[in-house]
Amino acid sequence: MSKGKATAVANPNIAFIKYWGNADDALNLPANPSLSMNLAALTTVTTVEFRPGLPSDMVTIDGQPAEGHALERVVQHLDRVRALAEIDEKARVVSQNDFPAGTGLASSASAFAALSLAATRAAGLLLNEAEVSRLARLGSGSACRSVPAGFVQWDGDRDATSFARQVAPPDHWDLRDLVTIVSHQHKQVGSHHGHEIVSTSPFYAARLAAVPGLLATVMSGIQQRDLANVGPAIEADALAMHGVMMTSDPSLLYWEEATVAVLQGVRAWRHSGLGVFFTIDAGPNVHCFCERSDAAQVETRLRNLPGIQDVLVSGPGGGVRLVEYYLF
Ligand code: PMV
C-alpha cells in the first residue's frame with residue numbers, strides 16, 4: 001500500500017449498554033461505560049489520500065459531496081490526524097456505506113472508525129488498536145467501539161485511557177441482530193446534540209445509577225452465551241435511555257408507529273416462547289436479537305408487521321481493517 005493513500009473498512013456497532021451523555025462534551029468522555037457488538041453485515045469503506053497542493057479537503061459520502069456539519073466533522077478529524085503526523089496536506093476522502101446513513105444505524109461509528117485508520121495510514125502513522133480507538137472516539141464517541149473486533153466495552157474517564165477493548169471475539173457467540181428498518185429518513189436531532197442535553201432529564205441520574213448492574217449482567221451473559229439473561233438487561237437499558245431522551249428539554253422522540261409495533265411484536269413472540277429481545281439507538285429503527293437458529297422465524301414475523309421497510313440480518317463483525325483497494 002503506497003504511503004499517502006489508504007482504504008479502511010469498518011462495521012457499525014450496536015450497543016447493548018448505551019452511551020448517552022458525556023462527562024466531557026469536547027473530548028467525548030462518556031458518563032458511563034458501554035458495551036456493544038459489531039455488525040458484520042453492514043460496512044463503511046473509506047479511502048483517504050493526502051495530496052500536496054490540494055487547496056482544501058474534498059469529501060464525498062455515498063456519492064455526494066459532503067457539506068455543512070458533516071463536512072466540518074470530517075475536516076476536524078483530518079486536522080487531528082494532520083496534527084499527529086505533523087503534515088499540512090489537505091486530503092481527498094471518499095466514503096461509501098452499504099446501509100442507510102443517519103437513521104440510527106450508527107453510520108457515524110463505522111464512518112469515524114474507518115476514517116481514523118485510513119487517514120492515519122495515509123499520513124504515514126502506524127497506530128495500535130487502542131490509539132486508533134481513542135482517535136475515533138474524538139470523531140464520534142461510539143466510533144471507538146467499532147475499532148476492536150466482536151463484543152467490545154468502552155470505558156475510561158480520561159482522554160488517554162478512554163478507548164474500547166474487546167470483551168469476546170466475533171466467533172465467541174453466533175448471535176443474530178435483525179436490524180428492522182421502519183424509516184430511511186435522516187434523523188432530525190443528531191446524537192451530538194442529545195448528549196449535550198441529557199442532564200435536563202429528571203431521569204438521567206436514575207439511568208446512570210442502573211448502568212453498573214445491567215452492565216455486569218450483560219457481561220456475564222455474553223461470557224456464558226446466555227440470551228435469557230442478556231436480553232432483558234439490554235431492553236431495560238434501551239428503554240431507560242429513551243426515557244431520558246423523551247424527558248430531556250427539548251424532548252427527543254425518535255420512535256414512530258412502526259417502532260412500537262415491533263416492540264409489541266417482540267414481546268408477544270417472547271411470551272409464546274421465542275427467544276427475541278430488542279434495543280433501539282437514536283432513531284426509529286429496532287434491533288432484534290436472537291440465536292441464529294431462530295433468526296429465519298423472527299425475520300418472517302418482523303416482515304409481516306405493518307410499516308416494516310426492510311430487515312437486515314447480521315452476526316458479530318470484525319474490527320476496523322485495511323484493504324488493498326481504493327475508492328478513487
Ligand atoms: O457516538 P454518538 O455520539 O453517535 O452516540 C451514540 C449514541 C447511541 O447510538 C444512541 C448509543 C450508543 O451507545 O451507541
Side-chain angles (χ1 to χ4, degrees), residues 10-39 42 44 69-70 72-74 76-77 97 99-116 133-148 151-156 162-164 167 177 179 186-198 201 204 207-208 211 214-215 218 233-246 248 252-255 259 278-287 289 317 320:
N11 303 119
N13 65 77
I14 178 66
F16 295 169
I17 298 295
K18 306 296 188 186
Y19 153 55
W20 196 247
N22 283 316
D24 183 319
D25 278 323
L27 290 173
N28 290 342
L29 295 177
N32 67 273
S34 55
L35 208 161
S36 59
M37 179 182 104
N38 287 346
L39 299 177
L42 282 62
T44 300
H69 186 55
E72 237 169 73
R73 287 180 74 183
V74 174
Q76 258 179 30
H77 208 60
N97 294 302
F99 58 97
T103 53
L105 292 187
S107 57
S108 69
S110 47
F112 281 99
L115 180 65
S116 297
S133 176
R134 183 187 155 273
L135 175 64
R137 187 202 84 222
L138 295 168
S140 176
S142 60
C144 73
R145 296 189 314 238
S146 281
V147 173
F151 300 85
V152 169
Q153 181 172 345
W154 167 31
D155 52 21
S162 184
F163 53 84
V167 166
D177 178 6
V179 188
H186 210 280
K187 64 187 168 207
Q188 302 291 313
V189 181
S191 45
H192 184 75
H193 182 56
H195 293 298
E196 290 175 346
I197 61 169
V198 279
S201 164
Y204 178 51
R207 179 194 164 240
L208 288 183
V211 162
L214 294 172
L215 184 73
V218 171
I234 68 174
E235 280 194 7
D237 189 52
L239 293 170
M241 178 183 74
H242 281 272
V244 170
M245 290 165 160
M246 290 175 197
S248 294
L252 306 176
L253 178 56
Y254 290 108
W255 300 1
T259 311
F278 64 76
T279 187
I280 316 173
D281 276 345
N285 302 315
V286 186
H287 294 251
F289 290 94
V320 67

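All residue numbers refer to positions in the sequence shown, counting from 1. Counting convention: from 1, in listed order, for ligands and their atoms alike.
Ring planes of Y254 and W20: perpendicular class, angle over 60° (limits at 30 and 60°). Note on ring orientation: taking the six-membered ring where Trp is involved, the planes of H69 and H192 are tilted (angle from 30° to 60°).
The contact set between ligand 1 and S108, taken as ligand atoms under 4.0 Å from a residue heavy atom, comprises 4 (O). Close approach of ligand 1 to H195 is summarised as follows: ligand atoms under 4.0 Å from at least one heavy atom of the residue are 2 (P), 3 (O), 5 (O). For ligand 1, the atoms closer than 4.0 angstrom to any heavy atom of G141 are 1 (O). Listed by atom number, the atoms of ligand 1 under 4.0 Å from A15 heavy atoms are 12 (C), 13 (O), 14 (O).
Polar contact with ligand 1: present for S191 (N/O pair, distance under 3.5 Å). For ligand 1, the polar-atom distance check finds no N/O of N13 at less than 3.5 Å from any of the ligand's N/O atoms. Remark: ligand 1 and S142 share an N or O pair separated by less than 3.5 Å (distance only, no angle test). Residue S34 places no N or O, backbone or side chain, under 3.5 Å from any N or O of ligand 1.
With sequence neighbours left out, the salt bridge (Lys or Arg N to Asp or Glu O under 4.0 Å) criterion links R134 to D159. The side chain to side chain donor-acceptor pair (under 3.5 Å) check on S140 picks up S108, with sequence neighbours excluded.
Residues S146 and A113 share a closest heavy-atom pair of CB-CB, 3.7 Å.
T279 pairs with exactly one of K18, H287, H242 by the side-chain hydrogen bond (donor to acceptor under 3.5 Å, both in side chains) rule, that one being K18.
Using modelled atom types, one finds a donor on one side chain and an acceptor on the other under 3.5 Å when comparing T44 with N97.
Proximity of H192 to ligand 1 is not established, as no heavy-atom distance is less than 4.0 Å.
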